[in-house]
Amino acid sequence: MLGYCLKRLGTAFLVALFVSVLSFVLLRMSGDIAIAIAGEGAQSADIELVRKTYGLDRPLIVQYLDWLGQAARGNFGESLYFKSPVMGIIADKIGTTIILSLTSLAFALAIGIPLGVLSAVYQGGLVDRISLAVAVTGQALPNFFFALVLIMLFSVKLRWLPVSGSGTWAHFVLPTIALGYYITPPFMRIVRAGMVDALEMDFVRTARAKGLSKARVVLKHALSNALVPVVALAGVQLGLLLGGSIVIETIFALDGLGYLAYQSITHKDFPVTQAILLMLSVAYVLLTLTADLINAWIDPRISVR
Amino acid sequence: MATFSTIVRKVTAHRGLTLGLVLLAAIFAMAIFAPLIAPFDPYDQDLSRRLIPPFWSPKANPAHWLGTDNLGRDYLSRLIYGARISLLIGFAVMLISGLIGTLLGLIAGYFGGKTDLFITFLITTRLAIPVVLVALAVVAMIGGSLTVVILVLGLLKWDRIAVVMRAATQQVRSLDYVAAAEAAGASVPRIILREVLPNVFPQLVVVATVEAASAILLEAALSFLGLGVQPPLPSWGLMIAEAKTMMFFAFWMIAIPGTLLAILVFAINLVGDGLRDVIVPKGRG
């Protein structure tokens, strides 16, 4: 068990390190940063000055190590567009994205788990068919199109919710549905499959034979088994949500990390893009690591494999 | 080995697969015969005929069945030509990512050990990188075009294919005929190409199909955000972006390309799921 944890930790660290190299290289590929900092139409003397001040004349590997060292201490440099420290800007926006990710995950679980359970208990029944339709539609609808349909329906026609912005809780409702629906089908499928398997197992039959009620057997015995893989899936999906929030936050002008990422890309604000890329990747690594460790703790068989 | 007629029988017996193939064939036909079906040139602007509403409106123009966009281009013609872009993206991305993913998966699954550890590490790293963010950033840097979008998505989307190919290869690797080929002294490339690849091919087809659908959705999202296929190309995602400013009074201009995208992805997913049932051996899904 300890060996497994150390191995997973080591891999996670290496992955994070490799990702940091990639995001650094990506920034350097994007052109001469000295010109970008000095501004368009700058004299070559100014560009040289910028190159010296920012240490851009040093070997790449030195620059990378310096950048990594600063990044590890939370210093991602200064935004070229906002003219203020990148970390401060990110700190302002990250809360919105964390809230959106959690509400979307909650939405997906709240829809996916009950529908998955019901469609496994009543296989081939009406709920099973409806769930299948919900899952198939969720996988086929482009999420930005679904978001526009939601805006049209709930903001324009019914006037229940705001079109865009991020002031109040009401601003989170439509983005949550748009983002949450898109990750619902995998949860539905995995819970349904787990329940179908669990319901055929001996311990479930024993529980039924003992005279326990069907609802109790389904909820207590079968569901607790079917929920094990949901933990790992939640880790992965939460990581994907952080990326998916770019499209959804941009559509709803929800002022989080995703919208900031989009703005930084269109403004060619490399330090911000780079910092967000690194943060999202590290967040994904940490989330999957946590999910794996929780899983190994719930189900000790995993760490032996 | 199943004969052709048994495969045909299995396919037609599978309702989802049949429906998927029919829908997909219709969209293919639309893409291939676009010049014959489309009533107008999709790039032809006519500012005197801007924003004509579709046939259900009293102000409709019978020449423009689905009306015109804000530059006076025939909407139906643009939709028809748009099928070409989505299908091209799906195919080309599938080809590139399929090649990378299959190669990595075969090597990792066949050799195991340190090689497998290294390739698994590459896959894990790739999974940690947010596709949308990197794709947007790269397109913003080098400029958007159909080729750039295809290359970027192809180079990013091989992870699932590699995962599936690795697992499938591991299963096949332990089977008797691979051991027999090894004992007979066949070279490693020969074993991989002649013994392993044909036996993991069904799984490859299934996962590549699903990935093509996801590539089509990604292109649409990138184009929608303005960092994908560039105007005046009639990409469905781009058409939705162009119609966004008019969405409150001309929502059909968003609803139609959006629905077409959903139908195309739905059809491809149906085919993928159906193929899994029909061609992948039991217990190897």
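Just so it is clear: chains get the letters A, B, ... in the order the sequence lines come, proteins before strands, and each one is counted from 1.
Heavy atoms closer than 4.5 Å to chain B are found in both the backbone and the side chain of V149(A). For a residue to count as touching a neighbouring chain, one of its non-hydrogen atoms must lie under 4.5 Å from one of that chain's; by this rule L287(A) does not touch chain B. Interface residue L14(A): backbone and side-chain heavy atoms are both found under 4.5 Å from chain B. The parts of L148(A) that come within reach of chain B are both its backbone and its side chain, each placing non-hydrogen atoms under 4.5 angstrom from that chain. Only the side chain of K268(A) comes within contact range of chain B, judged by heavy atoms closer than 4.5 Å. Heavy atoms of Y262(A) lying under 4.5 Å from chain B belong exclusively to its side chain. The parts of F266(B) that come within reach of chain A are both its backbone and its side chain, each placing non-hydrogen atoms under 4.5 angstrom from that chain. The contact between V138(B) and chain A is made entirely by side chain atoms (from C-beta outward), counting heavy-atom distances below 4.5 Å. Contact annotation for F224(B): only side-chain heavy atoms (C-beta onward) come within less than 4.5 Å of a heavy atom of chain A. If you measure heavy-atom distances from A213(B) to chain A, you find no contacts under 4.5 Å at all. When heavy atoms are compared at a cutoff of 4.5 Å, L122(B) approaches chain A solely by way of its side chain, counted from C-beta outward.
Using modelled atom types and a 3.5 Å distance limit, the side chains of S20(A) and Y64(A) yield a donor-acceptor pair. With no hydrogens or angles considered, no side-chain donor-acceptor pair links T96(A) and D255(A) at under 3.5 Å. Donor-acceptor pairing under 3.5 Å is lacking for the side chains of E211(B) and S97(B).
Of all the heavy atoms in I240(B) and P257(B), the pair that sits closest is CG1-CG, 3.8 Å.
Aromatic ring pairs are classed by plane angle as parallel below 30°, tilted from 30° to 60° and perpendicular above 60°; the pair W67(A) and F76(A) is perpendicular. Ring geometry, H267(A) versus Y81(A): the interplanar angle falls under 30°, so the pair is classed parallel (tilted spans 30 to 60°).
F146(A) has its ring centre no less than 6.0 Å from the ring centre of Y182(A).
The residue among F144(A), Y284(A), F18(A) with the most heavy atom pairs within less than 4.5 Å of chain B is F144(A). Here L133(B) is the residue among L133(B), I268(B), I263(B), V132(B) with the most heavy-atom pairs under 4.5 Å with chain A. Taking chain A as the reference chain and counting heavy-atom pairs below 4.5 Å, the highest number among T259(B), V131(B), I142(B) is found for T259(B). For the set G237(B), A221(B), A267(B), the entry with the most heavy-atom pairs within less than 4.5 Å of chain A is A221(B). Heavy-atom pairs under 4.5 Å with chain A were tallied for N269(B), T124(B), I254(B); the largest tally goes to I254(B).
Remark: of the listed residues V152(B), L153(B), L156(B), L153(B) is the sole one forming a side chain to side chain contact (heavy atoms under 4.5 Å, CB included) with L218(B).
Salt-bridge annotation for R173(B) and D116(B): absent, with no side-chain N of the basic residue lying under 4.0 Å from a carboxylate O of the acidic one.
One finds the CE atom of M239(B) at 12.0 Å from the OG atom of S223(B) (value rounded to the nearest 0.5 Å).
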